[in-house]
Engineer: 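Before anything else, here's the structure in question.
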Amino acid sequence: MSQTRFEIQTAAVIGAGTMGRGIVMSLANAGVQVLWLDNNPEMLEQALGVVADTYAHNVRQGRIDETQAAARRACISKAADYQALAEVDLVIEAVYENLELKQNIFRELDVIVKPSGILASNTSALDIDAIAAVTQRPEQVVGLHFFSPAHIMKLLEIVRGAKTSKAVLQASTELGKRMGKISVIAGNCPGFIGNRMLKTYVREARAMLLEGAYPHQVDAALQDFGFAMGPFRMYDVVGIDLEWRARELAGEGQDQPEVQIDNRLCELGRFGQKSRMGYYRYAEGSRQAEHDPEVDALMQRESERLGYRRREVGDEEIRERCLLALVNEGAKILEEGMAESSTDIDTVYLNGYGFPADVGGPMTWADRQGLPAIRDRLNGLAERHGEHWKPAELVDSLATLGARFVDYKKEA
C-alpha cells in the first residue's frame, strides 16, 4: 500500500530486554501510546517494574515531575498477543540478533498489522532486505537502530532497505525528532554506518595487542586523543562475551588471530564489568577499570602461541591505525552511497561512539589532515601491514582532485 504520509500516534514494541525497555521509554517520553509484548510474561512484568523505577529515579533527580512520570507510565500498556497489535501505526521488533527469528516475527506481523502499519527492526547489523522480503509490504519495512541505553543515547540509525518508501523514511525521521534523537539515514550493508566502521577500528586495536601493545595503553592513547573511552574499556562495558557467543552461534570467525585474546578471556569467564573482570579488573560495586597484570601475561602468551614477535607499539601508531581504519571504511561507505554525506558519518561517530566533539568526527579530521596526506599514510600502512589498508577509491580520487569528503555527493 502506498501512502503519501504516515502519522505515527500509536506503536508496539516486541521484546522486553534491555533494548526493548529503552525503546519503550523513548516512545512514551515522546507521548506515543505503546503496546508492549514479550513471549515471556514474567520478563515483561519485570521490565515494566524497571521502567517504573527509572521514572521514579528521574523524579527524585528532579529531571521530571510526578505528573510527567505518571503521563509517561500511562502511555505504556501490555499486549497479550500479536492480535492486540492489529491497529498500531508502527511496530518495532527488539529481540536478539537472529535473522530467522526476526523473519518469523515479521511474517506474523505482516498478516496481523493493518495495511498502513510500518514494520521496523532494531537490528544492529542484520540485512533489512532479508527481513522485508518475508512480508507483502517491503516498502513499509525499515531499520530503526537505537543505541544502548536507548532512552539516553541520542543517535538513531534509520536503515533504508532497497524498497523502503520515502514517506516511511520521513515518518521515521519525524518520530526520531519527537523522541529527541539525532537521526541519520543509512544504507543496508553489514553493520550499517557505525558498526561497520567500528569493526575495522577494533580489528586494528586487537591486532596491536598481538604485535606488542596492551589494552590499557591502547585505551589511554585513544582517550588522550579525546575518545570518551578506548575500545577495550568499551568492550568491558558492553560485555566481551557478546561477540564471542555470536561467533559460536554463527560457527565462523572463532579462529581469526585478532579474536584469540577475547576468546581466552571469555574461556576464563572474564566477560567485562558484569563479571568484575575483563580486559581490566573491577572492585565490588565499582565501574573503575583497574590495570590487571594477569591480562598482560595472557597477551604475551597468546602473541607467542600465534608466532608474533612482540615490539614496542607507540601511542602515535595506535592513534594513526585506529583513526585511519575509521576514515578508510567511512570513505567506502560514502562511495557505495550507504551514507548520504560525510557529515552524516561524523554525526554517527559523534553521537553514538564517543568521538571527540571538538575534532568534529573522523571524516572532518581526515579533511583537515588533507586527503593527499591521508592517501600517503594509508599506502604506507598497506606496505607494512597488508592489502586491507589499500586506500579506498574515493580517497584516491578526491586526493588527486585536491577535494574533501565534505564536498562529495554521490550521483543518485
Engineer: Would you please say whether a donor-acceptor pair under 3.5 Å links the side chains of Arg310 and Gln300?
Structural biologist: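 Gln300 and Arg310 do not have a side-chain donor-acceptor pair below 3.5 Å.
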
Engineer: How many angstroms lie between CG in Asn351 and CE in Met153, if you round to the nearest 0.5 Å?
Structural biologist: 8.5 Å

Engineer: With the threshold set at 4.0 Å, does a side-chain nitrogen-carboxylate oxygen contact exist between Glu302 and Arg305?
Structural biologist: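 Answer for the salt bridge query: yes.
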
Engineer: Please check if the number of heavy atoms outside Lys154 that lie under 6.0 Å from its NZ is greater than 12.
Structural biologist: no

Engineer: Thinking salt bridges, do Glu267 and Arg264 make one under a 4.0 Å N-O criterion?
Structural biologist: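 Result for this pair is yes, salt bridge flagged.
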
Engineer: Do the side chain of Arg178 and the main chain of Gly31 share a donor and acceptor less than 3.5 angstrom apart?
Structural biologist: no

Engineer: Drop me the distance from Thr164's OG1 to Ile158's CD1, to the nearest 0.5 angstrom.
Structural biologist: 11.0 Å

Engineer: For a quick test of reading the model, state the closest non-hydrogen atom pair linking Thr18 to Ser148 and the distance between them.
Structural biologist: CG2-OG, 4.2 Å

Engineer: Considering only NZ, NE, NH1 and NH2 on the basic side and carboxylate oxygens on the acidic side, decide whether Glu157 and Arg196 come within less than 4.0 Å.
Structural biologist: no

Engineer: Would you find more than 12 non-hydrogen atoms of other residues, nucleotides or ligands less than 6.0 Å from Arg311 atom CZ?
Structural biologist: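 Yes.
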
Engineer: Just how far is it from atom OG of Ser303 to atom CG of Leu298, taken to the nearest 0.5 Å?
Structural biologist: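 Between Ser303 OG and Leu298 CG, I get 9.5 Å after rounding to 0.5 Å.
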
Engineer: Are Tyr353 and Asn195 linked by a side-chain donor-acceptor pair shorter than 3.5 Å?
Structural biologist: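 Tyr353 vs Asn195: donor-acceptor pair found between side chains.
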
Engineer: Restricting to non-hydrogen atoms, name the atom on Leu155 and the atom on Val348 that form the minimum distance, rounded to 0.1 Å.
Structural biologist: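 Result for this residue pair: CD2-O, 3.6 Å.
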
Engineer: Would you please say whether a donor-acceptor pair under 3.5 Å links the side chains of Asp296 and His291?
Structural biologist: yes

Engineer: Taking Gly230's backbone N and O only, do any of them form a donor-acceptor pair with Gln223's side chain (distance below 3.5 Å, no angle check)?
Structural biologist: yes

Engineer: Determine whether the side chains of Gln256 and Arg203 contain a donor N or O and an acceptor N or O closer than 3.5 Å.
Structural biologist: no

Engineer: Go through the steps for Arg206 and Ile261 under the test side-chain contact (heavy atoms from CB on, under 4.5 Å), then give the verdict.
Structural biologist: CA-CA 8 Å; Arg206 286 171 165 159; Ile261 287 166; over 6 Å; no

Engineer: I'd like to know if the side chain of Gln260 and the backbone of Gln254 have a donor-acceptor N/O pair within less than 3.5 Å.
Structural biologist: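 Checking the backbone N and O of Gln254 against the side chain of Gln260, a donor-acceptor pair under 3.5 Å is found.
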
Engineer: Take atom CD of Gln9 as the centre, draw a 6.0 Å sphere, and report whether it contains more than 12 heavy atoms from other residues, nucleotides or ligands.
Structural biologist: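 It does: Gln9 CD has more than 12 such atoms within range.
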
Engineer: Could you give me the CA-CA distance, side-chain angles and deciding distance for Leu126 and Ser121, then say whether side-chain contact (heavy atoms from CB on, under 4.5 Å) is met?
Structural biologist: CA-CA 9 Å; Leu126 295 175; Ser121 174; over 6 Å; no

Engineer: As a quick check of understanding, evaluate side-chain contact (heavy atoms from CB on, under 4.5 Å) for Met363 and Ser341, giving each step before the final call.
Structural biologist: CA-CA 10 Å; Met363 308 316 273; Ser341 68; over 6 Å; no

Engineer: Counting neighbours of CD on Glu393 that are heavy atoms of other residues, nucleotides or ligands and sit closer than 6.0 Å, is the number greater than 12?
Structural biologist: no

Engineer: Any donor and acceptor pair, going by atom type alone, linking the side chain of Arg319 with main-chain N or O of Ala221 inside 3.5 Å?
Structural biologist: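 Yes, the answer is positive, given that a donor and an acceptor are paired below the 3.5 Å cut-off.
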
Engineer: Specify the closest pair of heavy atoms between Gly187 and Val159, including all atoms of both residues, with the distance to one decimal.
Structural biologist: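 Smallest interatomic distance, heavy atoms only, reads O-CG1, 3.8 Å.
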
Engineer: Taking NZ, NE, NH1 and NH2 as the nitrogens, is one of them in Glu97 or Lys102 under 4.0 Å from a carboxylate oxygen of the other?
Structural biologist: yes

Engineer: Centroid-to-centroid, Phe232 to Tyr280, below 6.0 Å?
Structural biologist: no

Engineer: Do Arg375 and Thr400 have a side chain donor and acceptor closer than 3.5 Å?
Structural biologist: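 There is such a pair (donor and acceptor under 3.5 Å, judged by atom type) between the side chains of Arg375 and Thr400.
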
Engineer: Using a 4.5 Å cut-off on heavy atoms from C-beta on, say whether the side chain of Glu204 contacts that of His388.
Structural biologist: yes

Engineer: Do you know the tightest heavy-atom contact between Val91 and Val113?
Structural biologist: CG2-CG2, 3.9 Å

Engineer: If every non-hydrogen atom of Phe405 is compared with every non-hydrogen atom of Ala366, which pair is closest and at what distance?
Structural biologist: CE1-CB, 3.8 Å

Engineer: May I ask you to say whether Arg384 pairs ionically with Glu317, meaning some side-chain N is under 4.0 Å from a carboxylate O?
Structural biologist: no

Engineer: Take atom CD of Glu100 as the centre, draw a 6.0 Å sphere, and report whether it contains more than 12 heavy atoms from other residues, nucleotides or ligands.
Structural biologist: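 Incorrect, the count does not exceed 12.
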
Engineer: Flag yes if more than 12 heavy atoms outside Gln46 fall under 6.0 Å of its CD atom; otherwise flag no.
Structural biologist: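 Counting neighbours around CD of Gln46, 12 or fewer heavy atoms of other residues, nucleotides or ligands fall under 6.0 Å, so no.
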
Engineer: Does Glu329 reach the main-chain N or O of Thr200 with its side chain, forming a donor-acceptor pair under 3.5 Å?
Structural biologist: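 No, because the side chain of Glu329 does not come within donor-acceptor range (under 3.5 Å) of the backbone of Thr200.
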
Engineer: Working to the nearest 0.5 angstrom, can you tell me the gap between Arg404 CZ and Thr364 OG1?
Structural biologist: 9.0 Å

Engineer: Between Asn122 (side chain only) and Met19 (backbone N and O only), is there a donor and an acceptor less than 3.5 Å apart?
Structural biologist: no

Engineer: Could you check Phe227 against Tyr201 for ring pair (Phe, Tyr, Trp, His ring centres under 6.0 Å), going step by step and ending with a plain yes or no?
Structural biologist: CA-CA 13 Å; Phe227 273 93; Tyr201 166 84; 5.6 Å; yes

Engineer: For the NZ atom on Lys114, are there more than 12 heavy atoms of other groups (residues, nucleotides or ligands in this structure) within a distance under 6.0 Å?
Structural biologist: yes

Engineer: Find the distance between CG (Leu144) and CE (Met179) and round it off to the nearest 0.5 Å.
Structural biologist: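 The CG atom of Leu144 sits 7.0 Å away from the CE atom of Met179.
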
Engineer: Which heavy atom in Pro391 sits nearest to a heavy atom in Leu378, and how many Å separate them?
Structural biologist: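 That closest heavy-atom pairing would be CG-CB, 3.8 Å.
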
Engineer: With heavy-atom distances below 4.5 Å as the criterion, would you say the side chains of Lys332 and Met338 are in contact?
Structural biologist: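 Of all side-chain heavy-atom pairs linking Met338 with Lys332, none is under 4.5 Å.
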
Engineer: Give a yes or no on whether Lys274 atom NZ has more than 12 heavy-atom contacts from other residues, nucleotides or ligands under 6.0 Å away.
Structural biologist: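 It does: Lys274 NZ has more than 12 such atoms within range.
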
Engineer: Would a distance-only check, ignoring hydrogens and angles, find a side-chain to backbone donor-acceptor pair under 3.5 Å from Asp89 to Phe6?
Structural biologist: no

Engineer: Would you check if the side chain of Asp81 reaches a backbone N or O of Ala84 as a donor-acceptor pair within less than 3.5 Å?
Structural biologist: yes

Engineer: Verify side-chain contact (heavy atoms from CB on, under 4.5 Å) between Val51 and Tyr55, making sure each step is shown before the conclusion.
Structural biologist: CA-CA 6 Å; Val51 168; Tyr55 286 144; 3.6 Å; yes

Engineer: What orientation do His145 and Phe147 show, parallel under 30°, tilted 30 to 60°, or perpendicular over 60°?
Structural biologist: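 His145 and Phe147: tilted rings.
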
Engineer: Check the pair Tyr279, Asp219 against side chain to side chain donor-acceptor pair (under 3.5 Å), reporting the backbone distance first and the verdict last.
Structural biologist: CA-CA 11 Å; Tyr279 284 101; Asp219 285 348; over 6 Å; no

Engineer: Would you call Lys78-Asp38 a salt bridge at under 4.0 Å N-O?
Structural biologist: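 Judged by the 4.0 Å cut-off on N to carboxylate O distance, Lys78 and Asp38 do not form a salt bridge.
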
Engineer: Under 3.5 Å, is there a donor-acceptor pair between the side chain of Gln140 and the main chain of Gly117?
Structural biologist: yes

Engineer: Taking Asn29 for the side chain and Met25 for the main chain, is one N or O donor matched with an acceptor at less than 3.5 Å?
Structural biologist: yes

Engineer: Enter the distance from Trp244:CH2 to Asp262:CG here, rounded to the nearest 0.5 Å.
Structural biologist: 11.0 Å

